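Here's the structure we're looking at; comments come further down.
It should be emphasised that the depicted structure is a prediction, and the values quoted were computed from it without experimental measurement.
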Amino acid sequence: MIRLKLILVIIACFVASKSVTAQEKQPNVLWILTDDHRYDAIRAFNKMLTGEEMSPLGYVESPQTDKLASMGTTFINSYCQAMGCAPSRASMHSGRYPFRSGIYEFEYHNNNTDNSYPYLPEQMEKLGYQTAHFGKLGVRIKTIKNDKAVSHKIYQTDVSFKILANEGMAEHGVQFPIKEVNGTKLSKTIWGLEFLRDEDGRYYYISELVEREVPGYAGTAQEAYDKFDLMRKHTHKKKETPFSSGILAGVSPRPAGKTRDGYYTSTFKDYLENENKNFAVGSKTFRGVDPSKPVFAHIGYDFPHTPVLPPADYRERFSKKKYKVPELTPEEWEKMPAQMKRQVNNAKSQEFPDWEKQKMIQDYYAFCAYGDALVGESVDAFIEYSEKHSQEWTVVFVCGDHGWKLNDHGAYSKFTPWDIDSHNPIIVVSSDKEKYPAGKVVTNYTEFVDIAPTILAEAGADLKSKEFKYLDGMNMAKTISGDAPIRDYVIGESHAVTGPRAYIRTKDYVFSMQTRPSNKKRGENFNWALKVPYEETDPALYDLTNDPGETTNLAFDDKYTEVVKKMQKKLTDIVLGDGRAEIMWSHDNIGTKGNQTNTDFKYNKRYAKGAHDYKLEL
């Protein structure tokens with residue numbers, strides 16, 4: 001018996017030592033992602049790119065992100081693959097380009113096809129990690145069960161923005177489905193009832209139906225509009241009302257820390273502090289972290305996405321700043337491609353009076369400054385937790401799923417291949433300073449498809465194995481060490497708002513074009529862009545040396561004919577001829593309606609296999 005006990009003790013010690021060794025090799029990982037975040041809101045990035053701390057537009061604050069840059073390595077020339085929330089987040093979570101995953105815009109999609117692979121948190125779970133998500137996810141993944149596409153959970157613990165909205169813990173949100181309000185049954189169900197909620201718990205429902213049918217709610221939208229000094233989305237053609245969708249400026253109904261983003265931070269801290277214990281988020285209960293396992297946590301902040309509602313103290317400080325507003329010239333408008341004109345017209349702010357432009361910019365940067373403080377709070381808690389348990393750690397900070405215009409090119413919003421919409425630096429901070437040196441700036445190109453392989457490599461995945469061959473990106477640690485190929489270009493393709501459009505960017509030029517017919521029918525006529533006349537592809541070329549603001553389209557300038565030919569061929573060879581995949585997820589072309597149960601991918605003939613070799617000589 002004594003001998004048996006001794007053997008069991010030895011085995012237990014061996015298992016424990018093995019676990020410690022695994023933990024030492026597998027650092028805790030925190031991935032932070034913001035939303036619609038311009039790179040010029042970060043002083044450290046401005047300093048790296050222009051030599052000046054402030055944005056070309058004016059004053060910005062970012063002490064916590066600046067601190068991260070000083071602690072780790074900044075990949076300053078990182079670009080997203082799609083300039084819309086859902087397709088960009090799909091590319092990050094999958095490590096794949098849109099033209100290979102078949103996820104081009106806001107489509108719901110299933111994971112039951114021959115072109116489906118595990119998303120990043122699912123792979124991390126296989127590698128022994130506990131996975132947790134807080135806030136916005138934006139990955140519209142489903143799975144097929146009993147011939148229906150149903151929700152598919154990719155994180156083990158998921159404290160989503162929907163929970164905060166339904167629990168009354170958000171200053172703004174959407175509730176659904178709503179059939180009655182305060183005991184009054186509505187004449188029809190509202191699938192997305194917008195609300196604002198103040199510190200006293202009062203709901204301000206923004207709905208003409210609610211105002212007509214629920215006693216005591218008439219005039220609520222106007223009251224909220226005035227009380228919170230709102231400026232809603234509008235254009236010269238679409239006038240603003242208290243019911244207009246989207247909030248470009250205003251003051252938060254709640255103080256700092258008591259907003260959606262504030263609760264993302266506090267619930268993440270609750271998760272870390274309640275080790276192997278339950279903790280509450282409103283009426284919901286979640287399990288805290290297990291220190292015996294490595295943790296992969298993802299915080300998806302909403303800031304500075306609309307509604308742009310900085311807390312009062314931040315807003316008051318930034319309201320005193322005067323900004324230099326970008327302007328759209330008649331010359332730029334005349335040569336602007338039709339697809340990009342469409343986006344600008346949908347969100348045109350050029351005709352806003354100056355006070356509206358100032359308000360829009362002031363509140364945007366104030367919101368960024370508030371979010372910066374929350375990022376710092378989360379990072380500090382994560383590092384403190386890891387070091388308390390003598391565990392290695394890695395932080396990946398991604399500055400936006402894409403950018404945002406503040407009257408750049410005459411508009412607000414995103415969706416275009418212009419630099420301000422697609423340029424999103426990444427910072428990686430690690431307890432391993434040899435791998436990710438403090439204060440280092442990498443100027444070589446990196447892309448959002450690099451995020452998944454970088455995190456997986458940190459977790460100990462063998463990226464050369466067959467299991468990970470589907471990944472399109474690189475391990476960014478290899479970019480630092482010089483063991484990864486040097487990219488001459490970055491690429492992307494996005495179909496939202498502009499219609500199907502792909503881009504290729506080098507240090508000297510950026511070229512973009514329409515890739516598919518405007519009806520966006522998937523899986524048909526793959527090579528449309530190769531057959532139609534050049535002008536029908538709605539091309540754009542910008543000379544970044546002479547026109548860094550990307551305002552003069554040179555696509556039809558004879559001096560640039562050879563540059564256009566080379567860039568167009570490279571781009572089409574890659575996005576059309578090197579692994580293109582398309583699918584009708586459901587009957588509505590993009591899978592946002594109906595039952596997303598189609599699994600029949602269509603693949604273009606790989607007529608240019610190997611074209612995506614990272615090399616392009618101009």
- Query: Does the pair His93 and His133 meet the rule for a ring-ring contact (aromatic ring centres under 6.0 Å, His included), with working shown?
  - Reply: CA-CA 12 Å; His93 273 81; His133 163 255; 7.8 Å; no
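- Met474 and Asp450 make their closest contact through N-OD1, 2.7 Å (heavy atoms, listed as atom of the first residue, atom of the second, distance).
- Taking the ring centroids of Tyr203 and Phe195, they lie under the 6.0 Å cut-off.
- In the displayed structure, Lys284 atom NZ is contacted under 6.0 Å by at most 12 heavy atoms of other residues, nucleotides or ligands.
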- Item | Trace of the ring-ring contact (aromatic ring centres under 6.0 Å, His included) decision for Tyr412 with Tyr364 | CA-CA 11 Å; Tyr412 55 84; Tyr364 178 88; over 10 Å; no
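- In this structure, the side chains of Cys80 and Asp421 stay at 4.5 Å or more apart for every pair of heavy atoms.
- Listed for the His37 side chain is no donor-acceptor partner under 3.5 Å among the backbone atoms of Pro304.
- A distance of 4.5 Å separates NE2 of His305 from CG of Asp36, quoted to the nearest 0.5 Å.
- In this structure, Ile247 and Lys233 have side chains that are not in contact, with every pair of non-hydrogen atoms separated by 4.5 Å or more.
- Contact record, Phe243 with Ser207: CE2-C, 3.6 Å, taken as the closest heavy-atom pair.
- Counted by atom type alone, Ser88 and Asp401 present zero donor-acceptor pairs between their side chains at under 3.5 Å.
- The minimum heavy-atom distance between Arg254 and Arg197, with the atom names listed, is NH2-NH1, 2.9 Å.
- A donor-acceptor pair under 3.5 Å links the side-chain atoms of Lys153 to the main chain of Gln156, judged by distance alone.
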- Message: side chain to side chain donor-acceptor pair (under 3.5 Å), that's the test. Do Asp372 and Ser62 meet it? Break it down for me.
- Response: CA-CA 6 Å; Asp372 176 78; Ser62 55; 5.1 Å; no
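- Of all heavy-atom pairs spanning Ala69 and Thr74, the tightest one is CB-OG1, 3.7 Å.
- Using the six-membered ring where Trp is involved, Tyr370 and Phe367 have ring planes that are parallel, under 30° apart on the 30 and 60° scheme.
- By the 4.5 Å heavy-atom criterion applied to side chains, Leu30 and Trp393 are not counted as neighbours.
- Proximity of Ile76 to Phe45: side-chain heavy atoms (C-beta onward) are separated by under 4.5 Å at one or more points.
- No donor-acceptor distance shorter than 3.5 angstrom exists from the side chain of Glu434 to the backbone of Asp432, with no hydrogens or angles considered.
- Taking 4.5 Å as the limit, every side-chain heavy atom of Lys405 sits out of range of all side-chain heavy atoms of Phe415.
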- Task: Begin with the C-alpha distance, continue with both residues' side-chain angles, and end with the deciding distance and a verdict on side chain to side chain contact (heavy atoms under 4.5 Å, CB included) for Val429 and Phe397.
- Result: CA-CA 8 Å; Val429 187; Phe397 171 80; over 6 Å; no
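- No side-chain N or O of Asn278 forms a donor-acceptor pair with one of Thr285 less than 3.5 Å apart.
- Contact record, Ala457 with Leu463: CB-CD1, 4.0 Å, taken as the closest heavy-atom pair.
- Looking at Asp158 and Ser160, their side chains never bring a donor and an acceptor atom within 3.5 Å of each other.
- Donor-acceptor pairing under 3.5 Å is lacking for the side chains of Asn444 and Thr479.
- Looking only at atom types and distance, the side chain of Tyr119 has no donor-acceptor partner in the side chain of Asn111 under 3.5 Å away.
- More than 12 heavy atoms of other residues, nucleotides or ligands lie within 6.0 Å of NZ in Lys388, so this atom counts as buried by the packing criterion.
- Checking Tyr217 against Asn182 by side-chain atom types alone, a donor-acceptor pair falls below 3.5 Å.
- Under the side-chain hydrogen bond (donor to acceptor under 3.5 Å, both in side chains) criterion, the residue pairs touching residues 76-87 are Ser78-Thr446, Tyr79-Asp419, Tyr79-His423, Gln81-Glu447, with sequence neighbours excluded.
- Put simply, the side chain of Tyr365 never gets that close to the backbone of Ala41: no donor and acceptor are under 3.5 Å apart.
- Judged purely by atom type and a 3.5 angstrom limit, Arg43 has no side-chain atom pairing as donor or acceptor with the backbone of Pro63.
- Stacking of Arg202 on the aromatic ring of Tyr204 is recorded, both the 6.0 Å distance cut-off and the 45° axial limit being met.
- Around CD of Glu384, the count of heavy atoms belonging to other residues, nucleotides or ligands within 6.0 Å does not exceed 12.
- The local environment of OH in Tyr108 is sparse, with at most 12 non-hydrogen atoms from other residues, nucleotides or ligands closer than 6.0 Å.
- Tested against Phe134 for a ring-ring contact (aromatic ring centres under 6.0 Å, His included), the candidates Phe382, Tyr271, Tyr263 yield a single pass: Tyr271.
- Taking the six-membered ring where tryptophan is involved, the planes of Tyr301 and Phe303 are tilted, since the angle between them lies from 30° to 60°.
- At least one side-chain heavy atom of Arg315 sits under 4.5 Å from a side-chain heavy atom of Lys359.
- Looking at Val60 and Ile42, their side chains never come closer than 4.5 Å, going by heavy atoms from C-beta outward.
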- Task: Would you please test Ser430 and Lys435 for side chain to side chain contact (heavy atoms under 4.5 Å, CB included) and show each step?
- Result: CA-CA 8 Å; Ser430 173; Lys435 187 184 292 185; 5.5 Å; no
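- A donor-acceptor contact under 3.5 angstrom links the side chains of Thr394 and Glu458, judged on distance only.
- Of the possible donor and acceptor atoms, one in the side chain of His402 sits under 3.5 Å from a partner among the backbone N and O of Cys85.
- The shortest heavy-atom contact between Lys227 and Val251 is O-CG1, 4.5 Å.
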- Query: Checking salt bridge (Lys or Arg N to Asp or Glu O under 4.0 Å) for the pair Asp35/Arg89: CA distance, chi angles, key distance, verdict?
  - Reply: CA-CA 10 Å; Asp35 199 341; Arg89 289 161 186 265; 3.3 Å; yes
- Assess whether side chain to side chain contact (heavy atoms under 4.5 Å, CB included) is satisfied between Tyr117 and Gln123, documenting all intermediate values. CA-CA 9 Å; Tyr117 298 92; Gln123 292 285 34; over 6 Å; no
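- Judged by distance alone, the side chains of Gln130 and Asp290 never bring a donor and an acceptor atom under 3.5 Å apart.
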- Candidate pair Glu122 and Ile154, rule side chain to side chain contact (heavy atoms under 4.5 Å, CB included), full reasoning: CA-CA 6 Å; Glu122 296 173 302; Ile154 60 176; 3.9 Å; yes
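- Residues Phe296 and Pro121 meet the side-chain proximity criterion, which asks for heavy atoms closer than 4.5 Å.
- No donor-acceptor distance shorter than 3.5 angstrom exists from the side chain of Glu392 to the backbone of Lys25, with no hydrogens or angles considered.
- At least one donor-acceptor pair under 3.5 Å links the side chain of Arg38 to the backbone N or O of Trp404.
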